[in-house]
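Model, not experiment: these values are computed from the prediction.
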Amino acid sequence: MHNSMCRETPVKNEYEKKKILFINTLSVCSKLCFAIGGAPNQVAGSATAFFLQIYLLDIAQINPFQASVVLFVGKAWGAITDPIVGFFITKSKWTKIGRLMPWMMGCTPFMVVSYFYLWFVPPFTSGRFIWYLGFYCLYQTLITCFHVPYSALTMFLSTDQRERDSATAYRMTAEVLGTLVGAAIQGQIVASAHTLKHCPHRNLTTGHLGNSSGTEVIRSMAISQDFLSHAVRVTVKLLIQSNFVLFCTYAVELRDHFQNIVLTILMSAAVSIPFWQWFLEKFGKKTAAFCGITWIMPFTVMLAFIPNLIVAYVVAVSSGISVAASLLLPWSMLPDVVDDFRLANRSSKGHEAIFYSLYAFFTKFAAGISLGVSTLCLQFAGYDTGACRQPPPVVYTLKLLIGAAPVACITTGLMILLVYPISEDVRLRNKLALEELR
């Protein structure tokens with residue numbers, strides 16, 4: 001009898017192992033459903049990132065100082081709301097559709113309305129600054145209410161690191177495609193509508209989407225190290241992205257190609273994400289981050305100082321490769337930080353939304369600084385709202401914002417990333433320790 005029971009135990013254990021493995025394994029359908037949720041947000045996000053600045057300056061015709069206030073305060077307000085929303089999410093009660101889904105579903109209708117009025121020119125002129133500031137802050141708040149719980153879902157999809165990384169790769173691909181759609185639709189509209197017939201020799205140009213973010217939260221010292229590196233790289237991205245259309249318009253003579261160059265960047269990024277997913281599995285996430293981020297540096301300088309059509313498209317393809325790395329790797333690294341925190345604080349649970357909201361906080365804070373400062377630089381350089389041509393100081397400032405400034409920020413971010421403490425060995429040890437706890 002005793003021997004019979006002993007023989008049955010391994011069978012039961014083997015069944016439990018298979019059951020756990022099945023639960024942790026995500027189907028392609030599940031990954032696709034998760035990924036599609038982020039695409040609409042990126043459609044709107046790409047439109048605001050590329051075109052809101054020039055819309056405020058040349059369509060709404062508020063002055064550069066007011067535009068810088070709108071862009072900075074809006075992003076800063078969004079950054080402030082991130083940890084607040086993350087805190088309230090952790091205090092939310094579980095419902096039949098979970099704790100995160102009510103936030104996403106509840107804010108979506110209001111987000112659509114606020115986004116519509118953000119691109120609406122009111123019939124009055126004296127209060128336009130307040131109009132755009134109010135609706136941009138409202139839009140950023142509602143985006144926070146959607147994006148923080150959506151990104152935190154990653155931690156609930158699976159306890160397996162490889163499956164979470166794979167789901168993140170699916171999500172980044174869908175978001176790049178969403179960005180591609182947003183840039184394509186809005187880019188074609190801007191390309192046709194912004195061609196002022198009374199400006200026969202306007203300069204429009206190439207562009208590229210710079211580099212990006214990438215880091216995480218971890219206990220004590222690692223929190224400051226990684227969020228600083230992340231903020232620096234977001235600054236790089238926004239410096240290039242937000243000034244792209246202005247650079248195309250006034251700095252180089254590629255006016256008929258800028259929207260196609262944006263699409264080239266994004267298509268290159270979408271195609272490159274599977275490569276970086278393979279690369280991070282093969283060589284580790286920190287190595288992949290270094291390779292992906294440094295790849296962009298020479299091409300930012302080429303874009304600013306060699307305004308040639310062929311060079312522009314070469315830069316676009318190369319930039320897309322780096323953009324893919326900068327999108328994928330930070331979100332792949334963040335769950336590792338949450339796991340590390342869990343091991344260091346085993347009695348603390350349910351803080352996933354806080355980590356993701358802090359990540360979003362530093363993203364928006366850096367974005368607000370880069371948008372505000374770059375627009376102020378244009379004001380100091382003598383930007384003339386609505387003019388067909390801009391003075392040489394403005395052209396020179398745009399080249400610095402596209403070329404030299406991103407390289408300096410990338411170098412700073414890489415130096416901070418050097419002290420990122422979660423190596424592949426640490427990550428594997430954490431994985432084994434978490435499996436024992438479960």
Side-chain angles (χ1 to χ4, degrees), residues 26 29-49 52 70 73-120 130-158 164 167-168 170-172 174-175 177-179 181-182 185-186 217 331 334-335 338 349-365 367-368:
L26 297 174
C29 181
S30 297
K31 295 175 185 177
L32 285 174
C33 290
F34 170 67
I36 290 171
N41 182 31
Q42 294 304 313
V43 172
S46 66
T48 55
L52 184 59
V70 170
V73 173
K75 286 291 186 180
W77 176 255
I80 292 171
T81 59
D82 280 312
I84 295 175
V85 169
F87 172 78
F88 282 114
I89 289 175
T90 60
K91 299 299 182 181
S92 299
K93 295 181 179 180
W94 287 93
T95 66
K96 293 181 179 179
I97 57 174
R99 189 171 62 180
L100 304 177
M101 193 63 70
W103 285 84
M104 293 185 280
M105 296 178 64
C107 72
T108 299
F110 302 100
M111 185 167 58
V112 172
V113 173
S114 65
Y115 183 76
F116 172 82
Y117 282 109
L118 182 62
W119 296 97
F120 179 79
I130 301 299
W131 173 279
Y132 290 111
L133 180 62
F135 276 107
Y136 194 43
C137 289
L138 177 61
Y139 172 71
Q140 289 294 330
T141 302
L142 295 169
I143 280 289
T144 297
C145 293
F146 177 87
H147 192 258
V148 169
Y150 170 70
S151 57
L153 275 176
T154 307
M155 296 303 301
F156 298 93
L157 294 176
S158 174
R164 290 194 308 236
T168 301
Y170 274 76
R171 174 192 158 197
M172 289 300 106
E175 291 191 355
L177 292 175
T179 304
V181 171
I185 296 173
Q186 197 92 345
V217 216
W331 291 107
L334 185 54
V338 178
K349 297 180 180 180
H351 295 315
E352 293 85 1
I354 292 292
F355 280 87
Y356 281 83
S357 64
L358 287 174
Y359 181 94
F361 167 82
F362 280 90
T363 299
K364 293 179 181 178
F365 184 75

F156, CZ: over 12 other non-hydrogen atoms inside 6.0 angstrom | yes
Any idea which heavy atoms bring Y356 and V148 closest together, and the distance?
-> CB-O, 4.4 Å
Check: Y139 side chain, F116 main-chain N or O, donor-acceptor pair, under 3.5 Å = no
Of the non-hydrogen atoms in A35 and A174, which two are nearest, and what is the gap between them?
-> O-CB, 3.3 Å
Side chain proximity check, F34 to T154, heavy atoms < 4.5 angstrom | yes
Which atom names give the shortest non-hydrogen contact between M104 and P149, and what distance separates them?
-> CG-CG, 3.8 Å
When rounded to the nearest 0.5 Å, the distance separating CG of L138 from CG of L133 is 11.0 Å
Calculate, to the nearest 0.5 Å, the distance between atoms CG and CZ belonging to L334 and R164 respectively.
-> 10.0 Å
Under 4.5 Å between any side-chain heavy atoms of Y115 and T48, yes or no?
-> yes
First locate atom CD1 of I36, then atom CG of L32, and finally report the distance between them rounded to the nearest 0.5 Å.
-> 6.0 Å
If you round to the nearest 0.5 Å, how far is CD of Q140 from NE2 of H147?
-> 11.5 Å
Between V85 and W103, does a side-chain contact (heavy atoms from CB on, under 4.5 Å) hold up when you go through it step by step?
-> CA-CA 10 Å; V85 169; W103 285 84; 4.0 Å; yes
Shortest non-hydrogen contact from L157 to L26?
-> O-CD2, 3.3 Å
Rounded to the nearest 0.5 Å, how far does CZ of F146 lie from CE of M105?
-> 11.0 Å
Which heavy atom in T141 sits nearest to a heavy atom in W77, and how many Å separate them?
-> OG1-NE1, 2.6 Å
Out of curiosity, I84 CD1 to I89 CD1, how far, rounded to the nearest 0.5 Å?
-> 12.0 Å
Considering only heavy atoms from C-beta outward, does the side chain of R171 approach that of S151 to under 4.5 Å?
-> yes
Shortest non-hydrogen pair, V70 vs Y136, comes out as O-CD2, 3.3 Å
For the residue pair Y117 and W131, does the interplanar ring angle fall in the parallel (under 30°), tilted (30 to 60°) or perpendicular (over 60°) class?
-> perpendicular
